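Reviewing the structure listed below.
Computed over heavy atoms, backbone and side chain alike; hydrogens, waters and symmetry mates excluded. Bear in mind the structure is a predicted one, so any value in this text is a computation, not a measurement.
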Amino acid sequence: MTVAARTQQRRLAWRAPVAWGLVVGGAQAASPLAFWWLNTAIVYALGLVAIAFVYIGFAVADGRPKVLAVESGVASVFVVVAAAAVTGSPWLLVAGLLGHGAKDLWQHRTQYVANTRWWPPFCLVVDVTAAIIIAIEIVAGVQFHH
């Protein structure tokens with residue numbers, strides 16, 4: 001296979017994860033609309049915790065105790081950031097999502113957790129898309145706490 005063919009194959013492999021990441025990231029940013037009775041910060045914080053815990057599931061599937069311990073520790077950090085954002089600055093949510101996106105990028109490059117294939121690029125796009133939209137909401141003056 002030529003270099004050009006491999007490059008084209010990589011581009012095609014990224015299309016679906018990126019496209020679905022944009023869709024899911026947009027849906028995540030819109031999620032407070034579905035839970036109108038909750039503070040926006042709470043809904044976004046729950047989303048941050050949920051995406052952090054997905055990697056614990058991957059770590060369980062990986063089967064290595066060290067990977068499970070590391071992923072649990074990393075998820076705990078995101079839980080603390082999300083909890084702080086419930087009553088603190090909504091910029092913590094943006095930072096948490098971007099931090100998770102950085103973790104996804106690292107995971108994609110290292111394949112630390114086995115068999116995640118397309119998940120890290122997908123999740124990276126979800127995280128960055130939601131973070132950008134939330135940052136725009138903050139700058140626009142959207143209230144995150146009632």
Side-chain angles (χ1 to χ4, degrees), residues 1-86 89-140 142 144:
M1 182 179 283
T2 67
V3 173
R6 272 184 269 154
T7 301
Q8 180 65 14
Q9 189 177 23
R10 282 190 204 123
R11 273 193 210 128
L12 290 174
W14 272 77
R15 264 192 200 157
V18 168
W20 281 108
L22 290 168
V23 170
V24 174
Q28 184 176 352
S31 62
L33 299 173
F35 301 96
W36 68 91
W37 64 92
L38 295 174
N39 285 340
T40 300
I42 292 172
V43 177
Y44 285 144
L46 289 170
L48 179 58
V49 169
I51 61 176
F53 278 102
V54 168
Y55 275 104
I56 293 177
F58 282 127
V60 169
D62 179 292
R64 294 177 288 169
K66 179 181 176 183
V67 171
L68 181 57
V70 168
E71 292 301 323
S72 296
V74 170
S76 297
V77 170
F78 289 109
V79 168
V80 170
V81 170
V86 168
S89 171
W91 286 108
L92 289 169
L93 297 164
V94 174
L97 286 165
L98 292 176
H100 193 266
K103 196 259 187 224
D104 292 324
L105 185 59
W106 173 80
Q107 165 59 27
H108 184 65
R109 295 184 60 80
T110 65
Q111 293 295 304
Y112 180 71
V113 180
N115 301 317
T116 55
R117 296 177 307 273
W118 59 268
W119 185 265
F122 161 77
C123 198
L124 169 64
V125 175
V126 170
D127 294 336
V128 171
T129 301
I132 290 169
I133 294 170
I134 293 169
I136 291 168
E137 290 175 342
I138 293 168
V139 171
V142 170
F144 284 72

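The side-chain contact (heavy atoms from CB on, under 4.5 Å) test applied to F53 returns V49, I56, A75, V79, not counting sequence neighbours. Evaluation of the side-chain contact (heavy atoms from CB on, under 4.5 Å) rule for W118 yields P17, F122 as partners, not counting sequence neighbours. The side chain to side chain donor-acceptor pair (under 3.5 Å) search around Q28 returns none, not counting sequence neighbours. Evaluation of the side-chain contact (heavy atoms from CB on, under 4.5 Å) rule for I136 yields I132 as partners, not counting sequence neighbours. A search for side chain to side chain donor-acceptor pair (under 3.5 Å) contacts involving D127 returns H100, not counting sequence neighbours.
Although no hydrogens or angles enter the test, the distance criterion places a donor-acceptor pair under 3.5 Å between the side chain of D62 and the main chain of R64.
One distance of note links CG of L97 with CG of L124; it measures 11.5 Å at 0.5 Å rounding. Rounding to the nearest 0.5 angstrom, the gap separating the CD1 atom in I138 from the OG atom in S89 is 6.0 Å. Atom CD1 of I42 and atom CZ of F35 lie 12.0 Å apart (nearest 0.5 Å). Interatomic distance, L92 CG to Y44 OH, rounded to the nearest 0.5 Å: 15.0 Å.
Looking at F78 and I51, their side chains never come closer than 4.5 Å, going by heavy atoms from C-beta outward. Under the 4.5 Å side-chain criterion, counting only non-hydrogen atoms from C-beta, P90 is not in contact with V94.
With F144 as the fixed residue, the side-chain contact (heavy atoms from CB on, under 4.5 Å) test singles out one of T40, N39, V43: T40.
Closest approach of A29 to E137, counting heavy atoms only: O-OE2, 3.9 Å. Minimum heavy-atom separation, A85 to A41: O-CB, 3.6 Å.
For residues 95-106, the salt bridge (Lys or Arg N to Asp or Glu O under 4.0 Å) pairs, not counting sequence neighbours, are E71-K103.
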